[in-house]
Amino acid sequence: MADPLLDAAWKAREHAWCPYSGFAVGAALESDDGRWYAGCNVENASYGLTVCAERAAVSAAIAAGARRFRRLVVVADCDPPVSPCGGCRQVLAEFGEELLVESASRTARRSWQLRDLLPDAFKPSRRAHD
């Protein structure tokens, strides 16, 4: 069965800017209202300024006004499929630990709840969107 969110992540991956690592990543994030937001990794010669695909998707969603999310799909050509880095996990936790995180390669898939990827996430005492 086709998965449009997975397809959107693969399509975003085609636009990755990864001249240093050669590791292209795509992500697609689904908001609670069903809208999709895609992102790809964007590397920089000053490597600390690199933006991960997951954070690019979150940024696109926030810029469009979305604040609550139900599913994230991350894709790359590697086995086993990669999970989001620690920084991306923390950024995602800002919007809820119930998020379903899925990762896929061309041959395999994995999934987690965000709370399992980042137990005891750092959280402010009060969130502006709660």
Side-chain angles (χ1 to χ4, degrees):
M1 185 158 115
D3 182 341
L5 197 63
L6 177 65
D7 294 342
W10 282 112
K11 185 173 176 114
R13 182 184 173 274
E14 294 174 9
H15 301 288
W17 176 254
C18 52
Y20 307 103
S21 72
F23 189 68
V25 181
L29 182 64
E30 182 179 11
S31 64
D32 276 355
D33 65 5
R35 292 180 292 164
W36 302 344
Y37 306 92
C40 62
N41 58 319
V42 180
E43 293 181 350
N44 189 278
S46 177
Y47 216 65
L49 298 178
T50 293
V51 176
C52 296
E54 299 91 329
R55 282 183 271 165
V58 168
S59 294
I62 296 301
R67 297 293 185 269
R68 299 203 183 276
F69 309 104
R70 57 180 162 209
R71 184 172 168 225
L72 170 74
V73 176
V74 182
V75 298
D77 274 333
C78 63
D79 283 308
V82 298
S83 64
C85 74
C88 287
R89 294 175 190 198
Q90 180 60 51
V91 167
L92 291 163
E94 184 79 7
F95 303 99
E97 298 171 78
E98 300 77 35
L99 179 69
L100 176 62
V101 178
E102 298 178 40
S103 182
S105 67
R106 300 281 181 197
T107 59
R109 288 181 86 163
R110 300 166 70 188
S111 64
W112 311 265
Q113 293 296 130
L114 181 61
R115 69 177 158 268
D116 297 325
L117 287 175
L118 188 65
D120 300 320
F122 174 78
K123 295 180 230 164
S125 60
R126 184 179 74 78
R127 293 187 193 160
H129 58 76
D130 283 346

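- In this structure, Glu30 contributes its side chain and Leu5 its backbone to no donor-acceptor pair below 3.5 Å.
- Under a 3.5 Å cut-off, the side chain of Asp79 and the backbone N or O of Ser105 do not form any donor-acceptor pair.
- No donor-acceptor pair under 3.5 Å is formed between the side chain of Arg110 and the backbone N or O of Ala104.
- Side-chain heavy atoms closer than 4.5 Å link hydrophobic residues (I, L, V, M, F, W, Y) into clusters, and following such links, even through other members, never connects Val101 to Val75.
- The structure places CG of Leu99 at 12.5 Å from CZ of Arg68, a figure rounded to the nearest 0.5 Å.
- There is no side-chain donor-acceptor pair under 3.5 Å between Ser46 and Asn44.
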Determine whether Glu54 and Val91 satisfy the following criterion, side-chain contact (heavy atoms from CB on, under 4.5 Å), listing intermediate values before the conclusion.
CA-CA 9 Å; Glu54 299 91 329; Val91 167; over 6 Å; no

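- Taking all atoms of both residues into account, the shortest heavy-atom contact from Val73 to Ala9 is O-CB, 3.8 Å.
- When all heavy atoms of Ala76 and Arg13 are compared, the pair lying nearest together is CA-NE, 4.0 Å.
- By the 4.5 Å heavy-atom criterion applied to side chains, Thr50 and Tyr20 are not counted as neighbours.
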Stepwise, does the side-chain contact (heavy atoms from CB on, under 4.5 Å) test hold for Ser111 with Arg71?
CA-CA 10 Å; Ser111 64; Arg71 184 172 168 225; over 6 Å; no

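- Note: Lys123 NZ to Gln90 CD = 9.5 Å, rounded to the nearest 0.5 Å.
- Between Tyr47 and Ser21 the shortest heavy-atom distance is OH-CB, 3.5 Å.
- The CZ atom of Phe95 sits 12.5 Å away from atom CG of Leu72, with the distance rounded to the nearest 0.5 Å.
- Remark: the backbone N or O of Arg109 is not paired with any side-chain donor or acceptor of Glu102 at under 3.5 angstrom.
- By the criterion of side-chain heavy atoms lying less than 4.5 angstrom apart, applied directly or through intervening Ile, Leu, Val, Met, Phe, Trp or Tyr residues, Tyr37 is not grouped with Val25; the two fall into different hydrophobic clusters.
- Atom CG of Leu29 and atom CZ of Arg55 lie 14.0 Å apart (nearest 0.5 Å).
- Hydrophobic clustering places Val82 together with Leu114 (ILVMFWY residues linked when any side-chain heavy atoms are closer than 4.5 Å, directly or through intermediates).
- The two residues Pro4 and Ala2 come nearest to each other via the heavy atoms CD-O, 3.7 Å.
- Note that CG of Leu117 and SG of Cys85 are 11.0 Å apart. Values are rounded to the nearest 0.5 Å.
- Taking all atoms of both residues into account, the shortest heavy-atom contact from Leu118 to Glu97 is O-OE1, 4.2 Å.
- Residues Leu100 and Trp112 share a closest heavy-atom pair of CD1-O, 3.5 Å.
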